[in-house]
Visitor: 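I'd like to ask some things about the structure below.
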Amino acid sequence: MTDLDEAPDDGQGGAGRAALEGIVVVLWQTQDYVNIAGTIRAMKNFGLSRIRLIQPELWDPYRIEGIAHGTQDVVARAEIHDSLESALGDCSYVVGMTARPRRAKRAVARPRAIAPELLARGAAAAAGETGPVALLFGREDHGLSNEALDLCHRTCIIPTSHHASLNLAQAVLVMAYEMWMAAEGADLEFRPPRRDAPPADIAMLERLFQDSERALWAVDFFKSRQTESVMRTFRELVRRADPDQREAGFLRAMAIEVVKYVRRVGGLPPEGEPRDFRTGLGEGPPTET
């Protein structure tokens with residue numbers, strides 16, 4: 001299976017994607033390679049490419065690329081800083097990501113609500129009009145301190161159940177996803193099917209129902225059941241599925257092969273309707289109209 005971060009890029013970067021270039025992910029005092037790699041992997045999937053690390057306990061680009069495959073370009077742009085002030089000094093807007101409640105009154109937002117604002121500011125930063133927009137994430141064990149939040153313009157909290165225990169990479173993933181969806185993810189079309197076919201018409205569906213009924217008679221499905229009621233249910237199931245001509249033909253072929261197989265193994269005479277040979281097993285053959 002191909003990883004998401006290895007999917008081919010369509011090369012059609014829109015205005016939303018360009019705005020993401022003005023946004024930088026800042027990790028403060030990370031302690032584990034896996035968390036850094038998971039963060040970079042999440043960034044790559046959702047159009048973010050700028051990362052700054054402040055006093056990371058561990059940093060080895062080779063090992064990180066080995067965990068987060070296909071992210072060499074993001075890793076190559078990573079910046080290492082000695083302090084929060086150094087990493088955030090040129091930023092025009094800083095959002096601190098936290099899960100812990102604070103006594104101090106702060107401007108708080110949710111990822112989905114703040115994403116459009118971040119994109120607008122990111123577009124200005126990408127155009128060189130302002131400094132970059134920073135998303136600041138804290139240590140894996142303690143998160144951001146109050147002193148770190150004092151440097152932020154806004155605080156963003158990801159809504160969870162009472163078990164608020166997202167790890168660092170998961171938190172980055174949620175925030176990156178919301179910005180990507182606001183940028184252009186919601187407008188991306190699904191990949192079309194390899195083969196397309198027009199909807200099945202009434203005549204084709206009726207042939208499908210007839211052959212399906214023959215197959216069910218061939219395997220003694222009806223027995224004491226009322227044929228008309230069973231087939232009415234089957235019709236509704238098929239219509240809700242709304243098969244196209246190729247799918248309806250496929251289902252019909254399955255039903256035809258069931259009857260052929262039962263004949264080959266001696267379960268039915270070579271000729272005649274399957275239902276005509278099942279009258280002694282329950283309900284008699286339906287009346288022809």
Side-chain angles (χ1 to χ4, degrees), residues 1-28 30 32-53 61 64-79 87 91-99 109-127 132-138 140 144 152 154-160 166-191:
M1 181 179 294
T2 302
D3 288 339
L4 285 177
D5 59 10
E6 295 172 348
D9 194 329
D10 58 14
Q12 299 177 352
R17 188 174 306 190
L20 294 172
E21 179 63 21
I23 298 173
V24 58
V25 173
V26 182
L27 307 184
W28 184 39
T30 50
D32 193 279
Y33 287 122
V34 174
N35 291 322
I36 300 174
T39 293
I40 290 175
R41 188 182 181 94
M43 292 171 58
K44 180 73 173 183
N45 275 283
F46 297 112
L48 295 170
S49 61
R50 301 175 64 184
I51 183 170
R52 296 176 181 177
L53 296 101
I64 290 170
E65 289 175 18
I67 300 171
H69 303 290
T71 60
Q72 293 86 350
D73 56 334
V74 180
V75 174
R77 296 186 68 183
E79 303 174 21
C91 297
S92 62
Y93 198 73
V94 182
V95 175
M97 302 296 299
T98 185
R110 299 294 192 194
R112 186 165 300 177
I114 200 174
E117 178 187 351
L118 295 180
L119 287 174
R121 293 180 179 274
V133 175
L135 300 177
L136 177 61
F137 295 83
E140 294 95 326
L144 293 175
C152 301
R154 297 284 292 277
T155 298
C156 186
I157 300 176
I158 298 172
T160 64
L166 295 176
N167 67 30
L168 174 60
Q170 290 171 334
V172 173
L173 179 70
V174 171
M175 195 66 217
Y177 168 80
E178 293 296 349
M179 289 192 300
W180 173 250
M181 291 299 290
E184 60 181 75
D187 297 326
L188 293 178
E189 297 181 355
F190 291 105
R191 180 176 296 181

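Scope of the values below: all heavy atoms of this structure, side chains included, with no hydrogens, waters or symmetry mates.
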Visitor: Using 0.5 Å steps for rounding, measure from the CG atom of L27 to the OG1 atom of T39.
Guide: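 Reported to 0.5 Å precision, the distance equals 5.0 Å.
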
Visitor: Determine whether E178 and C156 make a side-chain contact, defined as any pair of heavy atoms from C-beta on separated by less than 4.5 Å.
Guide: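 No, side chains not in contact.
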
Visitor: Any side-chain heavy atom of I51 within less than 4.5 Å of one from E79?
Guide: no

Visitor: Which heavy atom in S49 sits nearest to a heavy atom in V74, and how many Å separate them?
Guide: O-CG1, 3.9 Å

Visitor: Taking all non-hydrogen atoms of both residues into account, name the closest pair between V95 and C152 and its distance.
Guide: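 Residues V95 and C152, closest heavy atoms: C-SG, 4.3 Å.
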
Visitor: Calculate, to the nearest 0.5 Å, the distance between atoms CG and CG belonging to L20 and L48 respectively.
Guide: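 Separation between the atoms: 5.5 Å.
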
Visitor: Can you find a pair of side-chain heavy atoms, one from M97 and one from I158, that are under 4.5 Å apart?
Guide: yes

Visitor: Taking the side chain as every heavy atom from C-beta outward, state whether T30 and N35 have any pair of such atoms under 4.5 Å apart.
Guide: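 T30 does not reach N35 side chain to side chain.
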
Visitor: Under 3.5 Å, is there a donor-acceptor pair linking the side chains of S92 and R121?
Guide: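 No, R121 and S92 have no side-chain donor paired with an acceptor closer than 3.5 Å.
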
Visitor: Is a side-chain N or O of T71 found less than 3.5 angstrom from the main chain of A68, in a donor-acceptor match?
Guide: yes

Visitor: When you look at K44 and E65, which way does the salt bridge (charged side-chain N to carboxylate O under 4.0 Å, His left out) test go after all the steps?
Guide: CA-CA 12 Å; K44 180 73 173 183; E65 289 175 18; over 6 Å; no

Visitor: Give a yes or no on whether the backbone of A78 and the side-chain of R50 come within a donor-acceptor separation of less than 3.5 Å.
Guide: no

Visitor: Looking at CG of L144 and CZ of F137, how far apart are the two atoms once the value is rounded to the nearest 0.5 Å?
Guide: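 These two atoms lie 9.0 Å from each other.
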
Visitor: So do V25 and I23 actually touch side chain to side chain, heavy atoms under 4.5 Å?
Guide: no

Visitor: When rounded to the nearest 0.5 angstrom, what is the spacing between CZ in R154 and CG in L136?
Guide: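 So the gap between those two atoms works out to 15.0 Å.
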
Visitor: Measure the spacing between CG of D32 and CG of L168 and express it to the nearest 0.5 Å.
Guide: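 Going from CG on D32 over to CG on L168, the span is 10.0 Å.
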
Visitor: Go through L135 and L118 one step at a time and tell me if the side-chain contact (heavy atoms from CB on, under 4.5 Å) criterion holds.
Guide: CA-CA 9 Å; L135 300 177; L118 295 180; 3.8 Å; yes

Visitor: Might you point out which heavy atoms bring G70 and D73 nearest each other, and give the distance in Å?
Guide: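 What the structure gives for the nearest pair is O-OD1, 4.2 Å.
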
Visitor: Could you tell me which non-hydrogen atom of A126 sits nearest to which non-hydrogen atom of A18, and how far apart they are?
Guide: CB-O, 3.5 Å

Visitor: Would you check if M175 and F46 make a side-chain contact, meaning some heavy-atom pair closer than 4.5 Å?
Guide: no

Visitor: Please check this pair: side chain of E117 against backbone of I114, looking for a donor-acceptor N/O pair closer than 3.5 Å.
Guide: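 Not at all, since once roles are kept as given, no pair shorter than 3.5 Å links the two residues.
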
Visitor: At their closest point, which heavy atom of P132 faces which heavy atom of A125, and how far apart are they?
Guide: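 Result for this residue pair: CA-CB, 3.8 Å.
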
Visitor: Search all heavy atoms of A42 against all heavy atoms of A169 and return the closest pair with its distance.
Guide: CB-O, 4.4 Å

Visitor: Output the distance between atom OH (Y177) and atom CZ (R112), rounded to the nearest 0.5 Å.
Guide: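 With rounding to 0.5 Å, OH (Y177) is 6.5 Å from CZ (R112).
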
